[in-house]
Number of protein chains: 2
Amino acid sequence: MSPADKQQRLAGFLAAHRDSGLPVTIQRRAVFEAIVERPDHPTAEQVYRAVRQDLPQISRMTVHRILGTFVSLGLVTKTCHPGSATRFDPKTHQHHHLVCLECGTIIDIEDSRLNSLPWPEVDPREFAIQDYHVHFHGRCARCRQKERESARPAAGPRGAGGPQDT
Amino acid sequence: MSPADKQQRLAGFLAAHRDSGLPVTIQRRAVFEAIVERPDHPTAEQVYRAVRQDLPQISRMTVHRILGTFVSLGLVTKTCHPGSATRFDPKTHQHHHLVCLECGTIIDIEDSRLNSLPWPEVDPREFAIQDYHVHFHGRCARCRQKERESARPAAGPRGAGGPQDT
DNA sequence: GCACCGGATGATACTTATAGGCAAGTAGGA
DNA sequence: TCCTACTTGCCTATAAGTATCATCCGGTGC
């Protein structure tokens with residue numbers, strides 16, 4: 001994330017607080033800075049550990065509460081993957097995800113073709129659709145590499161840079 | 001689910017166990033029967049409660065283990081929604097979900113237009129996509145009804161059948 | 001029908017994630 | 001600078017999921 005982008009996100013953060021009448025505490029600022037800098041999709045626990053580098057006395061509970069506040073302010077979105085804790089995504093515009101079925105890594109996808117899908121024909125009295133999100137499931141490079149290495153333990157898995165057969 | 005469908009699913013269950021060399025225990029059979037009968041997407045805890053009606057002595061641990069086994073056998077799929085526990089879906093063919101952002105209810109969508117989406121252009125060395133899943137977010141009828149009722153507490157929220165303004 | 005074996009089960013305790021209450025502290029405005 | 005309302009940090013509690021290990025049971029060979 002470029003410094004200019006970061007400044008812009010920070011301005012949005014301040015504006016959202018002003019508009020809602022919420023005070024801008026150093027904890028909120030620290031949590032926000034910790035989350036916008038990350039390219040990944042951290043869990044509350046990961047955010048907590050990152051924030052503790054700046055604010056060692058912050059409590060886990062506070063991080064949870066602040067992340068909840070950010071979600072209601074629309075500053076971050078919640079996402080999740082079966083078998084792992086709730087993750088927080090600093091991107092709020094429409095985008096989609098690649099999810100590794102083994103390690104749970106989430107990778108962002110920006111593909112405009114996916115932003116204009118047909119909405120299913122649902123009776124609006126039954127369900128009011130607001131937006132959608134596509135999860136592509138599969139296996140990331142690291143997990144596939146690990147699998148290749150463990151599949152041939154006797155054939156020299158570290159040999160000559162490894163066979164790039166994909 | 002019709003009795004014929006259920007018989008077919010049960011046959012698939014038995015075949016999957018035979019093919020994998022796994023024993024068919026009464027616990028596994030009970031968990032499977034509890035999950036195929038449900039039209040919703042129960043959590044492990046809900047499956048546990050349902051199974052206890054037939055097998056009061058079954059442990060929560062066993063239900064978790066059996067559901068994990070079923071996922072690896074491909075008999076059920078895991079799904080999840082931020083803020084709620086992992087849910088299990090007895091449907092294994094490609095389908096999509098409506099997810100209520102308030103109560104977490106998950107409703108199945110069968111819309112063939114969503115089954116042939118363009119896959120994003122990802123370097124196959126970076127990520128091997130296997131399948132995908134579309135989540136539509138919004139609010140279900142019950143939550144919207146509740147909101148309407150709480151939005152006008154002084155205007156007679158129970159009056160004359162309620163204004164059907166949707 | 002019976003015995004055996006490997007894997008499954010059940011009880012318990014443990015870990016992790018999240019929530020509520022309350023006193024003390026702090027941001028922001030007068 | 002002071003005041004007030006909101007936030008924070010701590011403690012405890014709850015829920016979901018996991019690890020371990022002795023015991024039990026399904027499946028198979030005899």
Side-chain angles (χ1 to χ4, degrees), chain A residues 10 13-32 34-35 41-52 54-73 75-76 78-88 103-104, chain B residues 10 13-32 34 41-52 54-73 75-76 78-88 102-104:
Chain A
L10 189 59
F13 161 82
L14 295 172
H17 280 73
R18 243 195 319 272
D19 292 349
S20 310
L22 297 171
V24 179
T25 63
I26 52 173
Q27 288 88 351
R28 285 194 180 148
R29 199 185 283 262
V31 169
F32 188 74
I35 204 170
H41 303 73
T43 62
E45 181 68 21
Q46 289 171 318
V47 176
Y48 169 61
R49 291 203 191 128
V51 174
R52 270 209 306 187
D54 289 333
L55 293 174
Q57 80 287 4
I58 199 169
S59 81
R60 189 178 273 105
M61 186 66 244
T62 301
V63 174
H64 274 283
R65 265 189 300 225
I66 290 177
L67 288 170
T69 306
F70 286 179
V71 170
S72 58
L73 288 178
L75 294 169
V76 302
K78 262 184 177 179
T79 181
C80 92
H81 168 68
S84 93
T86 301
R87 289 156 180 272
F88 293 88
C103 64
Chain B
L10 189 60
F13 160 83
L14 295 172
H17 280 72
R18 244 195 316 274
D19 293 348
S20 310
L22 296 172
V24 179
T25 63
I26 52 172
Q27 288 87 351
R28 285 193 180 149
R29 199 185 283 260
V31 169
F32 189 75
H41 303 75
T43 63
E45 181 68 21
Q46 289 172 318
V47 176
Y48 169 62
R49 291 200 193 129
V51 173
R52 270 209 306 188
D54 289 334
L55 293 175
Q57 80 286 2
I58 199 169
S59 82
R60 190 176 273 106
M61 181 69 246
T62 301
V63 173
H64 274 282
R65 260 188 305 227
I66 289 176
L67 288 170
T69 306
F70 285 179
V71 170
S72 58
L73 289 177
L75 294 170
V76 302
K78 260 185 177 178
T79 181
C80 91
H81 168 67
S84 94
T86 302
R87 288 156 180 274
F88 294 87
E102 290 183 34
C103 64

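Numbered from 1 within each chain, the chains take letters A, B, ... in sequence-line order.
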Sub-4.5 Å side-chain heavy-atom contact between A:L55 and A:V31: no

A:L22 side chain near A:L73 side chain, heavy-atom distance below 4.5 Å: yes

How many angstroms lie between atom [atom1] of [X] and atom [atom2] of [Y], to the nearest 0.5 angstrom?
| X | Y | atom1 | atom2 | result |
| --- | --- | --- | --- | --- |
| B:K78 | B:S72 | NZ | OG | 10.0 Å |
| B:R65 | B:R28 | CZ | CZ | 9.5 Å |
| A:I58 | A:I26 | CD1 | CD1 | 8.5 Å |

Separation of atom [atom1] in [X] from atom [atom2] in [N], rounded to whole Å:
| X | N | atom1 | atom2 | value |
| --- | --- | --- | --- | --- |
| A:R52 | D:dG9 | CZ | P | 12 Å |
| A:H64 | D:dG9 | NE2 | C1' | 14 Å |
| A:R60 | D:dT8 | CZ | C1' | 16 Å |
| B:L55 | C:dT9 | CG | C1' | 11 Å |
| B:I26 | D:dC25 | CD1 | P | 8 Å |
| A:L67 | C:dT18 | CG | P | 9 Å |
| A:I66 | D:dT8 | CD1 | C1' | 8 Å |
| A:Q57 | D:dC10 | CD | C1' | 13 Å |

Closest contact, heavy atoms only, A:Y48 versus A:S59: CE1-C, 3.6 Å

Measuring from the side chain of [X] (C-beta onward, heavy atoms only), which nucleotide among [options] has the closest atom?
| X | options | result |
| --- | --- | --- |
| A:R65 | C:dC22, C:dA8, C:dA27 | C:dC22 |
| A:I58 | D:dG9, D:dT18, C:dT18 | D:dG9 |
| B:R28 | C:dT9, C:dT18, D:dT8 | C:dT9 |

Check the phosphate of [N] against [X], side-chain N and O only, distance under 4.0 Å to OP1 or OP2. Yes or no?
| X | N | value |
| --- | --- | --- |
| A:Q27 | D:dG9 | yes |
| B:T62 | C:dG10 | yes |
| B:T86 | D:dA16 | no |

Upstream residue (5' side of DNA chain D) when B:V24 and A:T69 are each assigned their closest nucleotide: A:T69

Of residues 41-48 of chain A, the positions that come close to DNA chain D - non-hydrogen atoms, cut-off under 4.0 Å: none

Touch class at under 4.0 angstrom, heavy-atom based, for B:T25 against every strand present: sugar-phosphate

Proximity of A:F70 and A:F13 rings by center, below 6.0 Å: yes

